[in-house]
Every structure is written in structure tokens, then in C-alpha cells.
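FYI, side chains are in, hydrogens and waters are out, and symmetry mates aren't considered; it's all heavy atoms of this structure. Below, chain A is the first sequence line, B the second, and so on; all start at residue 1.
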Amino acid sequence: MNVKRGDQKMEKEKKLVQEITSMEEDFAQWYTDIVKKAELVDYSSVRGCMIIRPYGYAIWELIQKQLDQRFKETGHENVYMPMFIPESLLQKEKDHVEGFAPEVAWVTHGGDEELTERLCVRPTSETLFCDHYSKVIQSYRDLPKLYNQWCSVVRWEKTTRPFLRTLEFLWQEGHTAHATAEEAEEETLRMLNVYAEFCENVLAIPVIKGKKTEKEKFAGAVATYTIESLMHDGKALQTGTSHNFGDRFAKAFGIQYTDKNNQLQYVHQTSWGMTTRLIGAIIMVHGDDNGLVLPPAVAPIQLIIIPIAQHKEGVLEKANELKERLSKIARVKLDDSDKMPGWKFSEYEMKGVPLRLEVGPKDIEKNQVVLVRRDNREKVFVSIDELEEKVSEILKQIQKDLLEKARQHRDAHTYVAKNMEEFEKIINETPGFIKAMWCGDEACETLIKEKTGATARCIPFEQEQLSKHCVCCGKEAKHMVYWGKAY
RNA sequence: CGGGGUGUAGCUCAGUUGGCUAGAGCACUAGUUUUGGGAACUAGAUGCCGGAGGUUCGAGUCCUCUCACUCCGACCA
């Protein structure tokens, strides 16, 4: 943290934000400051792992709850698979193993005894689901199988950052089996849409829906679809993915069923996942120099009540009464610790609490309270009689405004490049999404990455004809692609 | 895995050419007064100087190794 030396007054005024490095100065440091100061995580004794603290975990629980509800609504059931995968099982699908081999952790001993076959700590559970499906699917009447699991997975990454990349992370992985290729494709897209809707309405993060290029797709998939979002620093983040496996895994694992005509057929599968990385996205999309900013839908505390002059008669009683009332419509906390009010203001701003309620002797006299929004610091005096109404109205408005603000930021940082000079200039001077035409040749994709560090984020469903020529080689263009540097 | 930075109290750091019992501010605990943007005073508690080895009469300080965190690249959610 940089403490700027100045006269005493300046220092005092600056004190409020001193705990957090400004975004502009150092975005990466800003991110780490927030994660620690907002008490989302702590580092653990194992390199690259994190302890998710109560406040951070509460955000995850809200994400889980709202995602899970959507999975249930679309007919999915939760299951739990073991965390260990025998080596032989992992190796059944060639592309899949090759994709994950460099980052799996192995268990070689049980107690003192060496295992006859070493076990991999799941980096993802495709092989386990496939093995299981091969046993429980016999007839077309057994299909579709719509399973999901909530668990943690382990990937031995080289560099790590809280939420964005850790050795172990929490996620959900949906795994489904269908009778036909059409049904599998339909499911893949259905879940991508669920993700997109969730991101926009719950996380207030706008996303671009599209397809991954061959180079970027999941190990073993026929097609990978993705939702991509743009962080405040202009870098892209893959927010969720949905894969269509076709019958590749079915063939490798022998998952067959008998159809209506008594013919043996292979199933068609999908998988889709979202992770605790979403919390990183929330931080980097909505946060500001005063700390975290949480969309109300995932805020563990939606409203913080701060009593002013709480030692005076009637103040705490009133604050408690308001807490009781408002708890019926929102997640409310009353901070009656003996910290100074100003300290509390900063504390809950740092933690991203969407709405603050101040109540003091003067308010009680006038039968009013003060409401202050976290996102824009807007302050309103509200009559206690219409409090419930106002609070829910403002929370709704914040949720909406955050999405709109994020959308504007993304749109303002989405550029068009017609040639490589433009491309490189944008990447170096104004980071963000770059829309550019592509011939479909992997060589161009690789060259762009080498020259600029940007990767193909996705081939968006909503295509535009920006030009007839590939941004890289100038040959005939096949797709418009979103490019960007990514986390 | 390559390059840079940092490890001393819970946090931010000071610690002289190697020298006695290792320091400050904040935070913490108790009490009193305070309370509309990080309060004041009094009293108190707090250390495997990241770890291991070495040099030395003597190491927080010098040397070697190692571990962790962090940033920037290559790989991935």
C-alpha cells in the first residue's frame, strides 16, 4: 500500500481509502486488497489454496442456491461422485486425459501401503459420470439422465490467485446423457442460457454468448459454448461453459442403450460448469476504490443498520425495531458495536453492502431514517412509515443499475479491428474486447496470440459482418470473433 | 515453469559498521468520556525476526539452501 506523504490534513482525509490500493494505480493489488480486507478469504498453509471465510462463503451459498434452483427447474437432479478416479478410468478418453494430465494430483499411498493403482484427485468428473452411466443406462426409457453435482475439484496450477485460480476450487458440474445428438445440443444451449440469465439477473454481469474455437474448446468435447464477461481492467473472464460431447465419451466408455427399434445406440452427452471464480468476477466487475460492491441478489447483508449516538435513550431500541421489521423483506444486520459510526460506514462499504441505514436521535424525532446506496453514495431521507417499500425499491434499483453500469463499461471497452495494426494498437492502448473477422484458420489464431497476447474468447451467436477479410491474413473471413486478454 | 519484489507483534513497518533484555504506530483487552465519515485518555497483553544449515566469542543483521506470499510472462475454470 502506498501512503502518500503530504500534510497532516491530507493524510487524514485520505485515510478512509488507504487500506485499499486504487484500481488505477495497480489493479492486481487492488484485487488482492479487496479479497483480504472484505474478509472473503484468507491464505492457507498450502500453496495456492485459500480459506473461504464466512462472508465469502455466504456469497457462494447465495450463488449456489439460486443456480441450483434453476437446475431443478430445468429437470436436473443432484448426485455425488467420489473424489478419486482410478488412473485406468481417467485414461479411457484420449483427448480428455491429455488435456488434464499436466495438472492432476495423484494419491499413491493408503496409510503406509502403496496402492496397486494410483488414484487421481478429480480435476473434473466426466470419467466418473461416464463409468456410472455405462452401468445404469440400458434402454431409451432410461434417458435422458440429467445429473448435477456440487463439489470441489483439484487442478495443480502453477500460478494462483484467490477465486480466479486456486489449486482446489468449488463448483458445480452438470453431466447429462441423451438419446440423440439434437437433444444433447439442445441441452448444451439450454444450460448456457441458464448461465447467461443467471449472470445478468443475479450477478448483474452482462455476458457475450458464443462458441469456443477448436483451439480453446474443452479437452474431449465436440463443441464448447461459453459466456464471456469483461472485467473493469479490460481483461476478459470466461464466466461459464457448456460442452457438447457428442458420442465421443459414450464410445470410449461404452454407454449404450437399446432404442425403440431394438437397436443398440450410443448416448450423446453434455457437461457444464460454474465455479467460485464467479466471486472473482463480481469483485472485478462491480468493485471500486472503496472496496467491494455486491449486487443485492448475492449480498449476504443487503442492508446494514448503523445507529448514531447509540448510547442515547431510544436509539438502539429503534434500531432493533427497524431490524425486526426489515428482516422480513431483506437480509439485514444491525451493527451495535461501540465502534465509531464513521468507522462502520467505511467497513461496510469495503464489504460491499448495497444499502446502509443510519438512525440517530434527530431521525427518531422526525420519524425518519437515512438510506445511503453503496454503488453511487446517493443519500435519501425516508419516513419510517414507508420504509419497507422504499428499501425493497432501492435494492431492486441497485441490482438494475449495476447491470446497466457494467453493460455500459463493457460496450465502451469493446472495439473493432480491421487489421493487425489496429488490433495491436487497441490491445496496447485501450484494453477490452476486440471484435474482428477471422478466416477460421488456427494458424491465424496462434499468430494473433503471439503478437498481441489476446486469445479468441468466442465466436458470438450474434454475428456481425465487419469486413470480408480476416484481420490477420486478409483471406476470406468466416466468423466475427471476440478477442481479448483473459484471466 | 522462467523473471522481479517481499518475509521482524494480528496489520504496516523501523532496527546503525554484526554487540547487552528486539522497537513504533495501528489493531487487541479493561475502564472512563465520546458517537451524523475510520474518537480521546489511562492501564495492560502481544514475538521460533518465514524455516534449515553455516561463518563468528556473539547473527534480526553476513553466506548457502529452502519455503511461502506477491507481481509480470508461458498453461488452465
Visitor: Taking C-beta and beyond as the side chain, do A:Met81 and A:Glu173 meet within less than 4.5 Å on heavy atoms?
Guide: no

Visitor: Check the side chains of A:Arg457 and A:Thr455 for a donor-acceptor pair under 3.5 angstrom, ignoring hydrogens and angles.
Guide: yes

Visitor: Are any side-chain N or O atoms of A:Arg248 and backbone N or O atoms of A:Ala221, one a donor and one an acceptor, separated by less than 3.5 Å?
Guide: yes

Visitor: Going by distance alone, is a donor N or O of one side chain under 3.5 Å from an acceptor N or O of the other, for A:Asp68 and A:Asn78?
Guide: yes

Visitor: Could you check whether A:Leu164 gets within reach of a base, just the sugar-phosphate, or nothing at all, counting any heavy atom under 4.0 Å?
Guide: base

Visitor: Measuring from atom CD1 of A:Ile63 to atom CD1 of A:Ile282, what distance do you get when rounded to the nearest 0.5 angstrom?
Guide: 4.5 Å

Visitor: What interatomic distance, in whole Å, is found between P of B:rG2 and the corresponding atom of B:rA40?
Guide: 49 Å

Visitor: Please classify the nucleic acid contact of A:Val153 as base, sugar-phosphate, or nothing, using heavy-atom distances under 4.0 Å.
Guide: nothing

Visitor: Counting the atoms with a prime plus P, OP1 and OP2 as sugar-phosphate, which does A:Phe169 contact under 4.0 Å by heavy atoms, base, sugar-phosphate, or nothing?
Guide: base

Visitor: What's the closest nucleotide to the A:Tyr43 side chain, out of B:rC69, B:rC75, B:rG36?
Guide: B:rC69

Visitor: When you compare B:rC26 with B:rA45, how far apart are their C1' atoms, in angstrom units rounded to a whole number?
Guide: 15 Å

Visitor: Provide the distance between the two C1' atoms, one in B:rU55 and one in B:rC72, to the nearest whole Å.
Guide: 36 Å

Visitor: Identify the pairs formed between an N or O of the protein and an N or O of nucleotides 8-11 of chain B at a distance under 3.5 Å, and give each distance.
Guide:
none

Visitor: What distance, rounded to whole Å, do you find between the two C1' atoms, one in B:rU61 and one in B:rU46?
Guide: 24 Å

Visitor: For the side chain of A:Glu349 and the base of B:rG38, is some donor closer than 3.5 Å to an acceptor across the two?
Guide: no

Visitor: Between A:Phe129 and A:Phe249, is the gap from one ring center to the other below 6.0 Å?
Guide: no

Visitor: From the list B:rG36, B:rU70, B:rC75, which nucleotide is the closest neighbour of the side chain of A:Lys362?
Guide: B:rG36

Visitor: Checking contacts here: which listed nucleotide (B:rG38, B:rG37, B:rA74) is nearest the side-chain heavy atoms of A:Arg377?
Guide: B:rG37

Visitor: To the nearest Å, how far apart are A:Asp338 CG and B:rA40 P?
Guide: 14 Å

Visitor: Base, sugar-phosphate, or nothing: which does A:Thr224 touch, judged by heavy atoms less than 4.0 Å apart?
Guide: nothing

Visitor: Could you tell me how far apart A:Arg161 (CZ) and B:rC72 (P) are, to the nearest whole angstrom?
Guide: 6 Å

Visitor: Among the nucleotides B:rC71, B:rG36, B:rU70, which one has an atom lying closest to any side-chain atom of A:Pro162?
Guide: B:rU70

Visitor: Nearest of B:rC71, B:rG36, B:rC75 to any side-chain atom of A:Asp363?
Guide: B:rG36

Visitor: If I pick the C1' atom on B:rG15 and the same atom on B:rA59, what distance separates them, to the nearest angstrom?
Guide: 14 Å

Visitor: Can you check the distance between B:rG3 and B:rG25, where both ends of the measurement are the P atom (answer in whole Å)?
Guide: 41 Å

Visitor: Taking for each residue the nucleotide of RNA chain B with the nearest heavy atom, is it A:Lys485 or A:Lys379 whose nucleotide lies nearer the 5' end?
Guide: A:Lys379

Visitor: Return the value, rounded to whole Å, for the distance between atom CG of A:Leu167 and atom C1' of B:rA68.
Guide: 13 Å

Visitor: Heavy-atom distance under 4.5 Å between the side chains of A:His76 and A:Thr176, does that happen here?
Guide: yes

Visitor: Looking for any heavy atom pair under 4.0 Å, which part of the strands does A:Phe163 touch: base, sugar-phosphate only, or nothing?
Guide: base

Visitor: As a test of reading the structure: which of B:rU35, B:rC75, B:rG37 is closest to the side chain of A:Ala309, going by heavy atoms?
Guide: B:rU35

Visitor: Show the distances under 3.5 angstrom between N or O atoms of the protein and N or O atoms of nucleotides 27-31 of chain B.
Guide:
residue: B:rC28; atom: OP1; partner: A:Lys339; partner atom: NZ; Å: 3.0

Visitor: If you find the nucleotide of RNA chain B closest to A:Glu216 and the one closest to A:Val372, which residue's nucleotide is nearer the 5' end?
Guide: A:Val372

Visitor: Please tell me which of the listed nucleotides, B:rG36, B:rG38, B:rG37, lies nearest to the side chain of A:Arg356?
Guide: B:rG37

Visitor: Is the distance between the ring centroids of A:Trp272 and A:Phe71 under 6.0 Å?
Guide: yes

Visitor: Quick one: label A:Arg155 by what it contacts on the DNA or RNA (base, sugar-phosphate, nothing), any heavy atom closer than 4.0 Å.
Guide: base

Visitor: Shortest non-hydrogen contact from A:Pro295 to A:Leu203?
Guide: CG-O, 3.3 Å

Visitor: For the side chain of A:Ser346, counting heavy atoms from C-beta on, which of B:rC71, B:rG37, B:rU34 is nearest?
Guide: B:rG37

Visitor: Does B:rC75 have its OP1 or OP2 closer than 4.0 Å to a side-chain nitrogen or oxygen of A:Lys449?
Guide: yes

Visitor: Which one, B:rG37, B:rC72, B:rG38, comes nearest to the side chain of A:Glu347?
Guide: B:rG38

Visitor: For RNA chain B, which ranges pair as stems of 3 or more consecutive Watson-Crick or G-U pairs, with both donor-acceptor distances under 3.5 Å?
Guide: B:1-7 with B:67-73, B:10-13 with B:23-26, B:28-33 with B:39-44, B:50-54 with B:62-66

Visitor: Once you apply a heavy-atom cut-off of 4.0 Å, does A:Gly48 come out as touching a base, just sugar-phosphate, or nothing?
Guide: sugar-phosphate

Visitor: Is it true that A:Glu347 and A:Lys339 make a salt bridge, defined as a side-chain N closer than 4.0 Å to a carboxylate O?
Guide: no

Visitor: What is the nucleic acid contact for A:Glu103, judged by heavy atoms within less than 4.0 Å: base, sugar-phosphate only, or nothing?
Guide: sugar-phosphate

Visitor: Is A:Lys215 salt-bridged to A:Glu445, going by a charged N under 4.0 Å from an acidic O?
Guide: no

Visitor: Does a salt bridge link A:Glu197 with A:Lys209, judged by any charged N lying under 4.0 Å from a carboxylate O?
Guide: no

Visitor: Going by atom types alone, do A:Thr224 and A:His243 pair a side-chain donor with an acceptor below 3.5 Å?
Guide: yes

Visitor: When the C1' atoms of B:rA27 and B:rU12 are compared, how many Å lie between them, rounded to an integer?
Guide: 11 Å

Visitor: In plain terms, say whether A:Lys485 and A:Asp233 are close enough for a salt bridge, that is, a side-chain N and a carboxylate O under 4.0 Å apart.
Guide: no

Visitor: Compare the minimum distances between each of B:rC1, B:rC71, B:rA39 and the side chain of A:Thr159, then state the nucleotide with the smallest one.
Guide: B:rC1

Visitor: Can you check the distance between B:rG54 and B:rG47, where both ends of the measurement are the P atom (answer in whole Å)?
Guide: 27 Å

Visitor: Aromatic contact between A:His232 and A:Trp30, with the criterion being ring centroids under 6.0 Å apart: yes or no?
Guide: no

